[in-house]
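Below is one structure; the comments refer to it alone.
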Amino acid sequence: MSEELMRATTHNARSGKNGAFSPKHNDRNFDLENASNIDKARTNENWYWHRYYDQNKALDFDTVEKLFYSQTFSKALDARNERYREQRHPERMQTIDEYRSNPRSCPEETILQIGNLKQAADPMLLRKICIEYVNWEQKTFPNIKLLTLALHLDEQGAPHLHERKVWIGHDKDGNPVIGQDKALREMGIKSPIPDKKLSKFNNPKITYTRLCREKFIDICRSHGLEIEVAPKEASKSGLTLLEYQSNQEQQKITELSDQVKDLESTKSRLVQVVKQDSAQLRKITIEHTQLEKELEIKRLKLDTFNEDLKDSTVVMNTLLDQVRDEVKLFERNQSVTTPSQAKTDAADYNGLEREIRSSAYLSKGFFRNAKVNIELSPSSYETLLKAFEQLNRLLYMFDELKSSAEQAKKWQKRYQDELGKQQKFYDKGQSDLRQTFSTELYYGSMILTISKYYDIAKKLLNLYNSALRQEEQEKIYGPNKNSSNTDAPERQQQPKRIKQKNNNDDYER
């Protein structure tokens with residue numbers, strides 16, 4: 001896609017709403033601190049020239065114009081002032097500075113520009129084109145005298161060149177005076193329609209302006225620039241520099257207003273989003289607080305559970321110590337208790353039997369259905385009774401630990417569910433779970449130890465069963481006799497063995 005064509009500007013004016021244009025603006029001979037549209041850092045990039053440049057290039061533009069007006073127009077101005085004095089109109093008399101600053105006789109200023117702020121010609125190329133154009137103008141229109149040139153690169157708009165010049169005609173005495181119409185007439189410039197009456201839209205200045213514009217465009221094209229030749233809309237043409245700058249500023253204000261509206265709209269949307277996010281944040285905060293409370297309750301319950309496990313550990317250790325003592329006592333008594341000693345204590349067996357049956361009933365039904373008479377020595381009875389009591393306590397504690405382990409697993413699952421809802425408590429929860437698991441593992445090893453002693457207790461029962469069978473055989477066959485006696489009828493021995501087997505089953509139950 002090709003670039004947009006640039007427009008060539010040749011704008012002429014002498015004065016604005018504040019009077020005649022001052023040359024001090026062009027050579028920056030004023031306080032730049034009050035000029036907001038000028039970039040002071042780039043002022044040294046500007047280029048200046050005046051008609052006395054070869055004699056004294058240090059002259060400022062205001063001094064150049066004073067000097068030229070004094071040398072060129074003083075004679076004609078003195079003659080005119082003399083006529084006013086003679087006619088008794090001293091109020092019409094002017095000094096050379098008043099003559100120079102009057103809008104009707106001040107220098108004319110032309111702005112030469114190619115493009116705009118968005119797309120403009122290279123400053124050095126613009127300077128070359130303008131110098132070529134000014135040289136053509138001076139040769140083509142000798143009644144136009146060039147005063148100063150200033151190429152500005154430090155303003156907010158596109159680079160442009162200011163040309164200050166005067167139109168010189170002659171009075172009846174042949175003295176040079178400021179006069180655009182006289183100068184055009186003396187140079188033979190005709191109006192666009194010579195046969196019609198001169199007017200605002202039909203005068204030699206229009207012809208001059210057209211010739212200058214066409215030449216300026218031709219020079220631009222000769223340097224490879226594509227120039228837009230279609231005229232601007234009427235509302236944008238014929239503006240003074242200040243009007244043009246005012247329009248540019250108004251356009252910027254309009255753009256800024258649109259941006260402000262966009263920002264206000266964006267602000268409204270952001271405020272709405274912030275309100276929604278604030279409501280959501282309050283809701284999340286409430287839910288978070290509630291979850292923290294629930295988690296704290298569960299922590300307290302878990303701490304209570306851990307304390308119960310610790311208490312159970314103490315109880316279990318105590319029971320294990322008692323079991324160890326009872327096993328040692330039982331083994332010691334087993335080694336010294338013999339059938340002959342049991343016979344010597346036969347007188348006490350009947351009373352002991354009743355106590356054993358009562359204790360065994362309380363100890364998970366041991367000997368509940370026994371139908372044979374059990375004859376034990378008092379020491380054996382005491383040992384067996386204590387063993388049964390410890391066995392019952394161990395079995396009870398075993399069930400309690402199993403129940404506690406199941407409860408711990410339930411708490412583990414519920415605790416993990418809560419941790420899934422509140423990620424930031426995950427690490428703490430994992431630490432608590434590891435502690436709980438380590439406790440479970442500890443009690444698991446304890447349960448294995450209890451099971452071991454439970455097996456020992458079963459072996460103790462088997463030993464007592466063997467002792468009971470030996471006692472029964474002594475009752476039936478006498479000392480040192482067994483069931484292999486050939487004199488004993490088979491029918492009598494068989495029921496005895498069946499009865500003994502049933503008794504063993506009762507012990508095992």
Looking at CE of Met6 and CD of Gln113, how far apart are the two atoms once the value is rounded to the nearest 0.5 Å?
11.0 Å
Closest non-hydrogen atoms of Ile219 and His223, given as atom of the first, atom of the second and distance, are O-CD2, 3.0 Å
Residues Phe68, Phe73; criterion side chain to side chain contact (heavy atoms under 4.5 Å, CB included); working and verdict:
CA-CA 8 Å; Phe68 179 80; Phe73 305 116; 4.0 Å; yes
Contacts satisfying salt bridge (Lys or Arg N to Asp or Glu O under 4.0 Å) that involve residues 171-185 (not counting sequence neighbours) are none
Kindly state each residue pair satisfying salt bridge (Lys or Arg N to Asp or Glu O under 4.0 Å) with at least one member in residues 62-72, sequence neighbours excluded.
Asp62-Lys66, Asp62-Arg100, Glu65-Arg100, Glu65-Arg164
For Phe61, enumerate each residue passing the ring pair (Phe, Tyr, Trp, His ring centres under 6.0 Å) test, keeping only those at least two apart in sequence or located in another chain.
none
Which residues satisfy the ring pair (Phe, Tyr, Trp, His ring centres under 6.0 Å) test with His152, sequence neighbours excluded?
His25, His160, His162
Could you check whether any side-chain N or O of Asn203 sits under 3.5 Å from a backbone N or O of Lys200, counting only pairs where one atom can act as donor and the other as acceptor?
yes
May I have all residue pairs that pass ring-ring contact (aromatic ring centres under 6.0 Å, His included) and include part of residues 173-197, sequence neighbours excluded?
none
Residues pairing under ring-ring contact (aromatic ring centres under 6.0 Å, His included) where one sits in residues 180-213, two or more places apart or in two chains, turn out to be Phe141-Tyr208, Trp167-Tyr208
Would you call Glu163 and Lys165 a salt bridge, using N to O less than 4.0 angstrom?
yes
Can you find a side-chain donor-acceptor pair between Glu186 and Asn143 that sits under 3.5 Å?
yes
